[in-house]
Amino acid sequence: MQTKITANAQALKRWLSNAEVSLGNHSDRLNAINIFPVADGDTGTNLYLTMRAASAAAAERETQDIGELLAAAGQAAMEQAKGNSGTLLSVFLSSMAEPLIGHTRLSAPLLARSLERAQLRSWSVLSDPVPGTMLSVLEEAARGASRVEAAQSGDDSNAGLAETLRAMMTAALAAVVRTEEQLETLTDAGVVDAGGVGFLLVLDAMRAAALGEELQRELLDGLHGYDVQDPHIHGTQPQLEGVEVMCTITLSPLDAATLRLQLDELGESVIMSAVSPVGEGYRWRVHVHTPDAGAAMDALHAVGEPTNVTITELSANGHQTTEIPQVPLPGRPNSGDFAREA
C-alpha cells in the first residue's frame with residue numbers, strides 16, 4: 001500500500017541502501033543461475049558489492065541535489081565495480097545521474113530522461129553488446145517509462161511519477177522473462193539471465209523508495225531457475241579458462257580507442273567506461289575476459305599506468321583473485337570528511 005511519495009535525496013539514499021540489502025539477500029540465487037557471459041557463479045556477489053560501494057558513497061554525501069548524489073554514488077561504484085555485471089551497474093548509476101544534476105526531486109519526465117540516457121550509455125560501453133542481458137532489461141524499462149511519460153505530456157506530479165515507475169517495472173519484468181528465449185545459452189539451461197534479475201531488483205528498490213512502498217515480495221515468483229530448490233546451474237557448465245582483468249587508467253580519447261581495439265583482439269566482454277575527466281583525457285574503468293592476462297597488462301601499460309588492478313581466474317568452482325595494491329590517487333575524497341547516516 002502506498003503511504004507517501006518522497007522522491008528526493010533522502011529517497012535516493014533509501015533506494016541505494018535497500019537495493020544493497022535486496023541484492024545481498026538474493027546473491028546466492030543470482031550466482032546459481034549465472035551462466036552468461038561466463039558461468040562463473042558470481043553475478044549476485046558482484047552486483048551486491050558494487051551496490052554496496054554506491055550506497056556507502058551516497059550515505060556520506062550531504063546534498064539535496066539528486067543528480068550530484070547519484071553521480072557520487074555512481075563514481076564510487078565505478079571505482080569499486082566487480083565483474084561484468086557490477087561494471088554495467090556502475091555505468092547505469094553514473095549515466096542516470098547526468099540529467100538529474102541541479103534537481104532536488106525526481107519527476108516522471110526526469111525519470112524517463114534518465115533511464116533513456118542510462119540505456120544509451122550502457123549499450124555503448126560494451127564492445128559487443130548482447131540482447132537477453134541486463135542491457136535488454138534496462139532498454140525495456142526505459143521504453144516503458146518513456147511511453148507513459150509521453151502520454152502524460154510532461155506531467156511532473158506525484159501521480160505521474162507513480163504511474164511511470166510502475167510502467168517501468170512492468171516492462172522490466174517482461175524483459176527479464178524474455179531473456180530466456182533471447183540467448184541460446186539461457187534457453188538450453190532453462191533459466192533467465194542473472195544480471196537481468198539483479199537489475200530488476202535494483203529498479204524495484206527505486207520504485208519502493210520513491211513511492212514510500214515496500215519491495216514486491218512476489219516479484220520474482222515464477223522466473224525460471226529462481227526457485228530455491230532449483231539446482232545451481234552454473235556448476236553444471238563446462239570448465240572455464242582464462243581470467244577477468246579489471247583496472248582504472250587515465251587515457252586520451254585516442255589512446256582509449258586504441259586500447260579498446262587491442263582488448264577486443266585479446267579477449268571478450270570488453271567494457272570501457274569514462275569515470276571522470278582528467279586534463280585532456282579521462283579516467284577509464286576497464287574490464288575484459290581474456291585467456292592471457294600478461295598480454296592484456298602489456299596492452300594497458302603501452303598506453304598508460306593502470307591502477308586498482310584485479311586479475312580474477314574465471315572458474316565455475318570459485319575464484320582466485322589477485323589484487324595489485326595501488327597508492328590512492330590524488331584528489332580523491334577522504335571518507336573521513338563525511339559522517340555516514342545511521
Side-chain angles (χ1 to χ4, degrees), residues 23 26-51 53 77-78 80-91 125-130 132-135 179 183-189 191-199 225 231-249 259-260 262-273 284-301 306-324:
L23 289 170
H26 288 271
S27 60
D28 284 350
R29 195 65 229 161
L30 293 173
N31 289 343
I33 62 171
N34 167 211
I35 59 173
F36 186 88
V38 289
D40 51 354
D42 65 356
T43 287
T45 302
N46 289 341
L47 286 171
Y48 164 70
L49 292 175
T50 304
M51 183 57 78
M78 188 80 71
Q80 301 180 54
K82 304 296 183 184
N84 185 293
S85 56
T87 304
L88 288 175
L89 175 60
S90 66
V91 172
V125 299
L126 274 164
S127 291
D128 187 22
V130 177
T133 63
M134 60 190 297
L135 293 175
T179 61
L183 279 172
E184 183 178 357
T185 303
L186 300 179
T187 304
D188 291 345
V191 296
V192 292
D193 181 63
V197 178
F199 186 67
H232 280 236
I233 302 296
H234 86 273
T236 68
Q237 302 301 302
Q239 289 298 301
L240 305 171
E241 295 182 359
V243 295
E244 173 188 75
V245 178
M246 296 189 68
C247 72
T248 303
I249 189 169
L259 178 62
R260 182 188 287 273
Q262 291 176 328
L263 293 179
D264 283 338
E265 294 176 355
L266 293 171
E268 54 189 19
S269 294
V270 176
I271 305 176
M272 288 188 60
S273 181
W284 297 81
R285 189 64 175 163
V286 178
H287 170 282
V288 62
H289 292 165
T290 176
D292 188 346
M297 292 304 299
D298 287 344
L300 289 161
H301 282 292
T307 63
N308 194 16
V309 179
T310 59
I311 300 174
T312 305
E313 181 181 353
L314 297 174
S315 171
N317 297 319
H319 295 306
Q320 292 183 354
T321 300
T322 300
E323 294 194 13
I324 302 176

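Quantities reported herein were computed from a predicted structural model and do not represent experimental measurements.
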Compare all side-chain heavy atoms of Val192 with those of Leu186 and state whether any distance is below 4.5 angstrom.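 Heavy-atom side-chain distance check fails, nothing below 4.5 Å.
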Can you see which heavy atom on [X] is nearest to which on [Y], and at what distance?
| X | Y | result |
| --- | --- | --- |
| Pro306 | Leu300 | CG-CB, 4.1 Å |
| Ala299 | Gln262 | CB-OE1, 3.8 Å |
| Tyr48 | Leu23 | CA-CB, 4.0 Å |

Would you give the length of the straight line joining atom CD of Glu244 to atom OG1 of Thr290, rounded to the nearest 0.5 angstrom?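 Glu244 atom CD to Thr290 atom OG1 measures 11.5 Å (nearest 0.5 Å).
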Nearest 0.5 angstrom please: Ile271 CD1 to Leu88 CG, how far?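 Spacing of CD1 (Ile271) from CG (Leu88) equals 4.0 Å.
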Pairing residues for [X] by the side chain to side chain donor-acceptor pair (under 3.5 Å) criterion, not counting sequence neighbours:
| X | value |
| --- | --- |
| Ser90 | none |
| Asp264 | Ser127 |
| Thr50 | none |
| Ser27 | none |

Partner set under side chain to side chain contact (heavy atoms under 4.5 Å, CB included) for Pro291, not counting sequence neighbours: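 Testing Pro291 for side chain to side chain contact (heavy atoms under 4.5 Å, CB included), a comparison that skips the adjacent residues, returns none.
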I'd like to check the side chain to side chain contact (heavy atoms under 4.5 Å, CB included) partners of Leu49; sequence neighbours left out, ordered by chain and number.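 Partners of Leu49 under the side chain to side chain contact (heavy atoms under 4.5 Å, CB included) test: Thr45, Arg52, Lys82.
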Any donor-acceptor pair under 3.5 Å from [X] side chain to [Y] backbone:
| X | Y | result |
| --- | --- | --- |
| His26 | Gly198 | no |
| Arg29 | Gly225 | yes |
| Ser273 | Val125 | no |
| Asp40 | Leu314 | no |

Which is it for Met297 and Val245 under the side-chain contact (heavy atoms from CB on, under 4.5 Å) test, yes or no, and what are the steps along the way? CA-CA 8 Å; Met297 292 304 299; Val245 178; 4.1 Å; yes
So if I apply the side-chain contact (heavy atoms from CB on, under 4.5 Å) rule between Met246 and each of Thr312, Ile311, Thr87, Asn84, which one comes out positive?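 Of the listed options, the one satisfying the test is Thr87.
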Side chains of Thr43 and Asn34, donor plus acceptor under 3.5 Å: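 A pair is found: one side chain offers a donor N or O, the other an acceptor, under 3.5 Å apart.
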Evaluate the criterion side-chain contact (heavy atoms from CB on, under 4.5 Å) for residue pair Thr179 and Phe36; output intermediate values, then yes/no. CA-CA 11 Å; Thr179 61; Phe36 186 88; over 6 Å; no
